[in-house]
Amino acid sequence: MKRHVKGNVYWVGKIDWELKKFHGSEYSTHKGSSYNSYLIREKKTVLIDTVWMPFAKEFVDNLEAEVGLANIDCIVQNHAEVDHSGALPELMRRRPDLPIYCTANGVKSLKGHYHQDWDFHIVKTGDSIDIGNGRSLVFVEAPMLHWPDTMFTYLAGEALLFSNDAFGHHYASELLFNDLVDQDELYDECIKYYANILTPFSPLVTKKIQEVVGLNLPLEMIAPSHGIIWRRDPLQIVQKYAEWAADYQENRVAILYDSMWDGTRKLAEAMARGIADAAPGTEVRVHNVAKTDKNDVITDVFRSKAILVGSPTINKGILSAAAAIMEEIKGLRFKNKKAAAFGCYGWSGEGNAVLNELLKASGFALADEGFKALWEPDADTLQKAHDYGAEFALKL
Ligand code: FEO
(Lines give C-alpha, C1' and ligand atoms only; values in the text may rest on other atoms or scores of the structure.)
Protein backbone atom coordinates (compact mmCIF):
# COMPACT_ATOMS: atom_id res chain seq x y z
CA MET A 1 0.00 0.00 0.00
CA LYS A 2 1.44 3.37 -0.88
CA ARG A 3 2.70 5.74 1.80
CA HIS A 4 3.33 9.46 1.45
CA VAL A 5 7.01 10.46 1.57
CA LYS A 6 7.31 14.07 0.46
CA GLY A 7 5.60 16.34 -2.08
CA ASN A 8 4.30 13.99 -4.74
CA VAL A 9 6.59 11.14 -3.80
CA TYR A 10 5.20 7.90 -2.37
CA TRP A 11 6.71 4.71 -0.98
CA VAL A 12 5.26 1.68 -2.81
CA GLY A 13 7.66 -1.03 -1.67
CA LYS A 14 7.40 -4.20 0.38
CA ILE A 15 8.23 -4.75 4.05
CA ASP A 16 9.59 -8.27 4.52
CA TRP A 17 9.06 -9.01 8.20
CA GLU A 18 9.90 -12.70 8.00
CA LEU A 19 13.22 -12.43 6.15
CA LYS A 20 15.95 -13.95 8.31
CA LYS A 21 18.65 -14.55 5.69
CA PHE A 22 19.58 -12.37 2.73
CA HIS A 23 21.95 -12.91 -0.24
CA GLY A 24 21.13 -16.61 0.03
CA SER A 25 22.37 -17.43 3.51
CA GLU A 26 25.21 -14.90 3.51
CA TYR A 27 23.65 -12.10 5.53
CA SER A 28 21.51 -12.46 8.65
CA THR A 29 18.54 -10.14 8.84
CA HIS A 30 17.51 -10.37 12.49
CA LYS A 31 15.00 -7.56 12.05
CA GLY A 32 13.71 -8.37 8.57
CA SER A 33 14.11 -5.90 5.73
CA SER A 34 12.24 -3.90 3.15
CA TYR A 35 12.54 -3.49 -0.60
CA ASN A 36 11.81 0.18 -1.13
CA SER A 37 10.24 1.26 -4.36
CA TYR A 38 9.12 4.84 -4.84
CA LEU A 39 6.55 6.48 -7.08
CA ILE A 40 6.85 10.09 -8.18
CA ARG A 41 3.63 11.62 -9.48
CA GLU A 42 4.36 14.85 -11.30
CA LYS A 43 3.34 15.49 -14.94
CA LYS A 44 5.19 12.26 -15.49
CA THR A 45 4.67 9.31 -13.18
CA VAL A 46 7.99 7.62 -12.45
CA LEU A 47 8.67 4.38 -10.61
CA ILE A 48 12.04 4.21 -8.82
CA ASP A 49 13.16 0.56 -8.49
CA THR A 50 10.89 -2.41 -7.78
CA VAL A 51 10.93 -5.24 -5.21
CA TRP A 52 12.27 -8.79 -4.84
CA MET A 53 10.80 -11.44 -7.12
CA PRO A 54 8.71 -13.37 -4.53
CA PHE A 55 6.64 -10.21 -4.05
CA ALA A 56 6.41 -9.28 -7.73
CA LYS A 57 2.74 -10.07 -8.27
CA GLU A 58 1.64 -8.43 -5.03
CA PHE A 59 3.70 -5.35 -5.91
CA VAL A 60 2.39 -4.99 -9.45
CA ASP A 61 -1.21 -5.70 -8.37
CA ASN A 62 -0.90 -2.92 -5.78
CA LEU A 63 0.42 -0.53 -8.40
CA GLU A 64 -2.48 -1.43 -10.67
CA ALA A 65 -5.02 -0.91 -7.91
CA GLU A 66 -3.59 2.30 -6.47
CA VAL A 67 -2.00 4.03 -9.44
CA GLY A 68 -3.06 2.20 -12.57
CA LEU A 69 -0.24 0.63 -14.57
CA ALA A 70 -1.37 2.60 -17.59
CA ASN A 71 -0.51 5.81 -15.74
CA ILE A 72 3.17 4.97 -15.20
CA ASP A 73 5.44 6.74 -17.70
CA CYS A 74 8.81 5.19 -16.96
CA ILE A 75 10.97 3.21 -14.56
CA VAL A 76 14.28 4.28 -13.08
CA GLN A 77 16.29 1.20 -12.12
CA ASN A 78 19.09 2.42 -9.89
CA HIS A 79 20.55 -1.07 -9.48
CA ALA A 80 19.74 -4.43 -11.07
CA GLU A 81 20.32 -6.87 -8.20
CA VAL A 82 17.20 -8.99 -7.93
CA ASP A 83 15.97 -7.56 -4.64
CA HIS A 84 15.28 -4.34 -6.57
CA SER A 85 14.60 -5.53 -10.09
CA GLY A 86 12.80 -8.79 -9.31
CA ALA A 87 9.36 -7.42 -10.12
CA LEU A 88 10.42 -6.08 -13.53
CA PRO A 89 9.46 -9.24 -15.47
CA GLU A 90 5.92 -9.13 -14.03
CA LEU A 91 5.61 -5.38 -14.53
CA MET A 92 7.01 -5.48 -18.07
CA ARG A 93 4.76 -8.41 -18.93
CA ARG A 94 1.83 -6.14 -18.17
CA ARG A 95 3.39 -2.89 -19.53
CA PRO A 96 5.99 -4.03 -22.10
CA ASP A 97 6.33 -0.54 -23.56
CA LEU A 98 7.66 1.09 -20.36
CA PRO A 99 11.01 2.85 -20.79
CA ILE A 100 13.66 1.80 -18.25
CA TYR A 101 16.34 4.33 -17.30
CA CYS A 102 19.55 2.81 -15.97
CA THR A 103 23.32 2.87 -16.45
CA ALA A 104 25.10 1.06 -19.29
CA ASN A 105 26.15 -1.59 -16.78
CA GLY A 106 22.54 -1.71 -15.62
CA VAL A 107 21.48 -2.80 -19.12
CA LYS A 108 24.10 -5.57 -19.09
CA SER A 109 23.01 -6.70 -15.66
CA LEU A 110 19.26 -6.60 -16.39
CA LYS A 111 19.78 -8.48 -19.66
CA GLY A 112 21.98 -10.95 -17.82
CA HIS A 113 19.30 -11.59 -15.26
CA TYR A 114 16.15 -11.59 -17.38
CA HIS A 115 17.30 -12.04 -21.00
CA GLN A 116 14.85 -9.47 -22.30
CA ASP A 117 15.26 -6.57 -24.75
CA TRP A 118 13.22 -4.04 -22.88
CA ASP A 119 13.18 -0.34 -23.84
CA PHE A 120 16.40 0.59 -22.07
CA HIS A 121 17.58 4.19 -21.88
CA ILE A 122 21.19 4.51 -20.75
CA VAL A 123 21.96 7.44 -18.46
CA LYS A 124 25.26 8.84 -17.19
CA THR A 125 26.24 11.16 -14.37
CA GLY A 126 24.68 14.58 -14.94
CA ASP A 127 21.95 13.38 -17.30
CA SER A 128 18.46 14.43 -16.28
CA ILE A 129 14.81 13.97 -17.14
CA ASP A 130 12.25 16.75 -16.81
CA ILE A 131 9.18 15.25 -15.15
CA GLY A 132 7.11 18.45 -15.06
CA ASN A 133 5.94 20.84 -12.35
CA GLY A 134 9.46 22.20 -11.94
CA ARG A 135 10.82 18.78 -11.00
CA SER A 136 13.57 16.82 -12.68
CA LEU A 137 15.50 13.64 -12.05
CA VAL A 138 19.29 13.92 -12.10
CA PHE A 139 21.38 10.76 -12.30
CA VAL A 140 24.69 10.11 -10.56
CA GLU A 141 26.58 6.92 -11.42
CA ALA A 142 28.00 5.16 -8.37
CA PRO A 143 29.89 2.16 -9.73
CA MET A 144 30.84 -0.50 -7.16
CA LEU A 145 28.60 0.99 -4.50
CA HIS A 146 28.09 -1.82 -4.44
CA TRP A 147 27.73 -3.25 -7.98
CA PRO A 148 29.12 -1.93 -11.29
CA ASP A 149 25.66 -0.78 -12.39
CA THR A 150 24.69 1.18 -9.27
CA MET A 151 23.52 4.78 -9.60
CA PHE A 152 21.77 7.36 -7.44
CA THR A 153 18.83 9.45 -8.61
CA TYR A 154 18.30 12.97 -7.27
CA LEU A 155 14.86 14.54 -7.43
CA ALA A 156 15.53 18.24 -7.98
CA GLY A 157 12.74 20.41 -6.65
CA GLU A 158 12.24 18.09 -3.67
CA ALA A 159 15.92 17.81 -2.63
CA LEU A 160 15.45 14.07 -2.33
CA LEU A 161 18.16 11.51 -3.10
CA PHE A 162 17.18 7.96 -4.04
CA SER A 163 20.43 6.27 -3.03
CA ASN A 164 19.49 2.61 -3.56
CA ASP A 165 21.61 0.29 -1.34
CA ALA A 166 23.86 3.09 -0.08
CA PHE A 167 22.74 4.41 3.32
CA GLY A 168 20.38 1.43 3.58
CA HIS A 169 20.01 -1.22 6.26
CA HIS A 170 18.04 -4.39 6.75
CA TYR A 171 15.34 -3.23 9.11
CA ALA A 172 11.61 -3.85 8.78
CA SER A 173 9.46 -1.04 10.14
CA GLU A 174 6.08 0.48 9.42
CA LEU A 175 7.37 3.81 10.72
CA LEU A 176 9.03 4.72 7.40
CA PHE A 177 11.22 7.58 8.70
CA ASN A 178 14.45 7.62 10.73
CA ASP A 179 13.16 10.03 13.37
CA LEU A 180 10.40 7.60 14.37
CA VAL A 181 12.36 4.37 14.94
CA ASP A 182 14.57 3.10 17.78
CA GLN A 183 17.87 4.93 17.18
CA ASP A 184 20.11 2.23 18.68
CA GLU A 185 18.54 -0.50 16.56
CA LEU A 186 18.86 1.68 13.49
CA TYR A 187 22.54 2.42 14.16
CA ASP A 188 23.31 -1.27 14.75
CA GLU A 189 21.73 -2.29 11.46
CA CYS A 190 23.45 0.51 9.53
CA ILE A 191 26.95 -0.31 10.78
CA LYS A 192 26.37 -4.04 10.26
CA TYR A 193 25.28 -3.31 6.67
CA TYR A 194 28.34 -1.16 6.01
CA ALA A 195 30.75 -3.59 7.65
CA ASN A 196 29.47 -6.66 5.81
CA ILE A 197 28.68 -5.18 2.40
CA LEU A 198 30.48 -1.91 1.78
CA THR A 199 33.86 -2.29 3.55
CA PRO A 200 35.78 -3.39 0.42
CA PHE A 201 34.50 -0.35 -1.47
CA SER A 202 35.43 2.22 1.17
CA PRO A 203 37.84 4.21 -1.06
CA LEU A 204 35.00 4.59 -3.58
CA VAL A 205 32.58 5.59 -0.82
CA THR A 206 34.96 8.38 0.21
CA LYS A 207 35.29 9.62 -3.38
CA LYS A 208 31.57 9.46 -4.07
CA ILE A 209 30.69 11.35 -0.89
CA GLN A 210 33.20 14.07 -1.79
CA GLU A 211 31.76 14.25 -5.32
CA VAL A 212 28.12 14.45 -4.20
CA VAL A 213 28.81 16.91 -1.36
CA GLY A 214 30.86 18.97 -3.83
CA LEU A 215 27.77 19.43 -6.00
CA ASN A 216 26.28 21.56 -3.19
CA LEU A 217 22.82 20.25 -3.89
CA PRO A 218 20.20 20.87 -1.23
CA LEU A 219 19.40 17.60 0.52
CA GLU A 220 16.25 17.22 2.58
CA MET A 221 15.81 13.46 2.46
CA ILE A 222 17.72 10.33 1.53
CA ALA A 223 15.53 7.44 0.45
CA PRO A 224 17.50 4.17 0.28
CA SER A 225 16.24 0.89 -1.12
CA HIS A 226 16.27 -0.96 2.23
CA GLY A 227 15.02 0.21 5.60
CA ILE A 228 13.77 3.61 6.64
CA ILE A 229 14.01 7.01 4.92
CA TRP A 230 16.45 9.55 6.33
CA ARG A 231 14.21 12.56 7.02
CA ARG A 232 15.63 14.09 10.20
CA ASP A 233 19.19 15.29 9.63
CA PRO A 234 19.74 13.12 6.53
CA LEU A 235 23.41 14.08 6.40
CA GLN A 236 24.02 12.15 9.63
CA ILE A 237 24.23 8.87 7.68
CA VAL A 238 26.49 10.49 5.07
CA GLN A 239 28.80 11.63 7.87
CA LYS A 240 28.77 8.12 9.34
CA TYR A 241 29.68 6.64 5.94
CA ALA A 242 32.56 9.11 5.68
CA GLU A 243 33.81 7.94 9.11
CA TRP A 244 33.29 4.25 8.36
CA ALA A 245 35.05 4.56 4.98
CA ALA A 246 38.15 6.07 6.61
CA ASP A 247 39.65 2.78 7.92
CA TYR A 248 37.25 2.93 10.84
CA GLN A 249 38.14 1.52 14.24
CA GLU A 250 37.11 1.91 17.85
CA ASN A 251 39.03 1.13 21.02
CA ARG A 252 37.97 -2.48 20.69
CA VAL A 253 39.59 -5.88 20.20
CA ALA A 254 37.73 -8.87 18.80
CA ILE A 255 38.87 -12.37 19.73
CA LEU A 256 37.65 -14.99 17.29
CA TYR A 257 38.22 -18.67 17.86
CA ASP A 258 36.94 -22.17 17.37
CA SER A 259 37.77 -25.00 19.78
CA MET A 260 37.50 -28.80 19.83
CA TRP A 261 37.92 -29.60 23.53
CA ASP A 262 37.81 -26.10 25.00
CA GLY A 263 41.56 -25.54 25.24
CA THR A 264 41.57 -22.78 22.63
CA ARG A 265 38.44 -21.30 24.24
CA LYS A 266 40.29 -21.08 27.56
CA LEU A 267 43.19 -19.31 25.84
CA ALA A 268 40.74 -16.85 24.25
CA GLU A 269 39.15 -16.03 27.58
CA ALA A 270 42.51 -15.68 29.36
CA MET A 271 43.71 -13.30 26.64
CA ALA A 272 40.50 -11.28 26.93
CA ARG A 273 41.17 -10.85 30.65
CA GLY A 274 44.78 -9.90 29.93
CA ILE A 275 43.69 -7.20 27.49
CA ALA A 276 41.12 -5.90 29.98
CA ASP A 277 43.73 -5.79 32.75
CA ALA A 278 46.36 -4.04 30.64
CA ALA A 279 44.02 -1.64 28.82
CA PRO A 280 40.92 -1.18 30.97
CA GLY A 281 39.20 1.19 28.51
CA THR A 282 39.39 -1.31 25.66
CA GLU A 283 36.20 -3.15 24.75
CA VAL A 284 36.97 -6.84 24.22
CA ARG A 285 34.54 -9.09 22.35
CA VAL A 286 35.03 -12.86 22.35
CA HIS A 287 33.30 -14.94 19.70
CA ASN A 288 33.26 -18.67 19.10
CA VAL A 289 32.96 -18.36 15.32
CA ALA A 290 31.33 -21.78 15.01
CA LYS A 291 28.46 -20.59 17.21
CA THR A 292 28.11 -16.86 16.57
CA ASP A 293 26.30 -15.22 13.68
CA LYS A 294 29.10 -14.49 11.21
CA ASN A 295 27.76 -11.06 10.25
CA ASP A 296 27.78 -10.01 13.91
CA VAL A 297 31.37 -11.27 14.14
CA ILE A 298 32.32 -9.26 11.05
CA THR A 299 30.69 -6.14 12.50
CA ASP A 300 32.88 -6.54 15.58
CA VAL A 301 35.98 -7.00 13.41
CA PHE A 302 35.02 -3.81 11.55
CA ARG A 303 34.74 -1.91 14.85
CA SER A 304 38.02 -3.28 16.25
CA LYS A 305 41.54 -1.95 16.03
CA ALA A 306 42.92 -5.47 16.30
CA ILE A 307 41.84 -9.09 16.26
CA LEU A 308 43.14 -12.30 17.76
CA VAL A 309 42.19 -15.41 15.82
CA GLY A 310 42.47 -18.83 17.39
CA SER A 311 42.16 -22.42 16.30
CA PRO A 312 43.64 -25.68 17.47
CA THR A 313 45.72 -27.48 14.89
CA ILE A 314 43.90 -30.19 12.99
CA ASN A 315 45.27 -32.14 10.04
CA LYS A 316 48.16 -29.65 9.86
CA GLY A 317 45.63 -26.84 9.44
CA ILE A 318 42.82 -25.07 11.28
CA LEU A 319 39.19 -25.82 12.09
CA SER A 320 36.73 -25.17 9.28
CA ALA A 321 34.77 -22.44 11.09
CA ALA A 322 38.00 -20.49 11.64
CA ALA A 323 38.88 -20.96 7.96
CA ALA A 324 35.40 -19.79 6.93
CA ILE A 325 35.52 -16.56 8.91
CA MET A 326 39.02 -15.86 7.59
CA GLU A 327 37.71 -16.26 4.03
CA GLU A 328 35.00 -13.70 4.81
CA ILE A 329 37.52 -11.35 6.44
CA LYS A 330 39.91 -11.65 3.50
CA GLY A 331 37.22 -10.65 1.01
CA LEU A 332 36.24 -7.57 2.99
CA ARG A 333 39.77 -6.10 2.79
CA PHE A 334 39.91 -4.41 6.18
CA LYS A 335 42.68 -1.87 6.56
CA ASN A 336 44.78 -0.47 9.40
CA LYS A 337 44.17 -3.31 11.85
CA LYS A 338 46.63 -5.46 13.79
CA ALA A 339 46.28 -9.16 14.46
CA ALA A 340 47.80 -12.26 15.98
CA ALA A 341 47.02 -15.98 16.03
CA PHE A 342 46.72 -18.46 18.86
CA GLY A 343 45.68 -22.02 19.49
CA CYS A 344 46.29 -25.35 21.18
CA TYR A 345 48.01 -28.29 19.59
CA GLY A 346 48.94 -31.85 20.47
CA TRP A 347 51.88 -32.77 18.30
CA SER A 348 52.70 -30.84 15.11
CA GLY A 349 51.09 -27.39 15.77
CA GLU A 350 50.85 -25.83 12.30
CA GLY A 351 47.63 -23.93 13.12
CA ASN A 352 49.29 -20.66 14.09
CA ALA A 353 51.42 -20.54 10.95
CA VAL A 354 48.36 -21.19 8.79
CA LEU A 355 46.44 -18.42 10.57
CA ASN A 356 49.38 -16.05 10.29
CA GLU A 357 49.47 -16.53 6.52
CA LEU A 358 45.72 -15.97 6.27
CA LEU A 359 45.93 -12.83 8.40
CA LYS A 360 48.78 -11.43 6.32
CA ALA A 361 46.92 -12.24 3.09
CA SER A 362 43.91 -10.41 4.53
CA GLY A 363 45.87 -7.19 5.03
CA PHE A 364 46.42 -7.35 8.79
CA ALA A 365 49.70 -6.31 10.38
CA LEU A 366 50.89 -9.19 12.56
CA ALA A 367 51.76 -8.03 16.06
CA ASP A 368 54.03 -11.06 16.57
CA GLU A 369 54.21 -14.80 15.85
CA GLY A 370 51.24 -15.54 18.10
CA PHE A 371 50.66 -17.85 21.06
CA LYS A 372 50.71 -21.65 21.01
CA ALA A 373 49.86 -24.04 23.82
CA LEU A 374 50.86 -27.71 23.80
CA TRP A 375 48.03 -29.96 25.00
CA GLU A 376 45.37 -28.71 27.38
CA PRO A 377 46.37 -25.38 28.95
CA ASP A 378 47.12 -25.66 32.65
CA ALA A 379 47.10 -22.80 35.14
CA ASP A 380 50.62 -21.77 34.17
CA THR A 381 49.78 -21.73 30.46
CA LEU A 382 46.61 -19.75 31.10
CA GLN A 383 48.64 -17.19 33.05
CA LYS A 384 50.98 -16.97 30.05
CA ALA A 385 47.96 -16.52 27.74
CA HIS A 386 46.71 -13.76 30.04
CA ASP A 387 50.08 -12.06 29.91
CA TYR A 388 50.23 -12.49 26.15
CA GLY A 389 46.85 -10.71 25.89
CA ALA A 390 48.18 -7.91 28.10
CA GLU A 391 51.32 -7.51 25.94
CA PHE A 392 49.20 -7.60 22.77
CA ALA A 393 47.01 -4.78 24.14
CA LEU A 394 50.07 -2.66 24.87
CA LYS A 395 51.26 -3.06 21.26
CA LEU A 396 48.07 -1.45 19.88
FE1 FEO B 1 19.76 -4.36 -2.20
FE2 FEO B 1 22.52 -4.65 -4.11
O3 FEO B 1 20.80 -5.00 -3.61
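Since this is a predicted model, take the numbers as computed values, not measurements. Numbering of ligands and ligand atoms starts at 1, following listing order. Both backbone and side-chain heavy atoms feed into the values below; hydrogens, waters and symmetry mates do not.
Restricting His79 to its N, O or S atoms, the one at the least distance from atom 2 (Fe) of ligand 1 is NE2. Between atom 2 (Fe) of ligand 1 and the N, O or S atoms of Glu81, the shortest distance is to OE1. Within Asp165, the N, O or S atom lying nearest to atom 1 (Fe) of ligand 1 carries the name OD1.
Aromatic ring pairs are classed by plane angle as parallel below 30°, tilted from 30° to 60° and perpendicular above 60°; the pair Phe302 and Tyr248 is parallel. Aromatic ring orientation, His226 versus His84: tilted (interplanar angle from 30° to 60°).
Contact check on Lys240 versus Glu243 returns a salt bridge, with a Lys/Arg side-chain nitrogen under 4.0 Å from an Asp/Glu carboxylate oxygen.
Side-chain atoms of Asn36 and Ser225 include no donor-acceptor pair closer than 3.5 Å.
Atom 2 (Fe) of ligand 1 has an N, O or S atom of His146 under 2.8 Å away, backbone or side chain. One of the N, O or S atoms belonging to Asp83 lies under 2.8 Å away from atom 1 (Fe) of ligand 1. Coordination check, His226 versus atom 1 (Fe) of ligand 1: passed, since an N/O/S atom of the residue sits under 2.8 Å.
Geometrically, Lys2 engages Tyr10 in a cation-pi contact defined by less than 6.0 Å to the ring centre and at most 45° from the axis.
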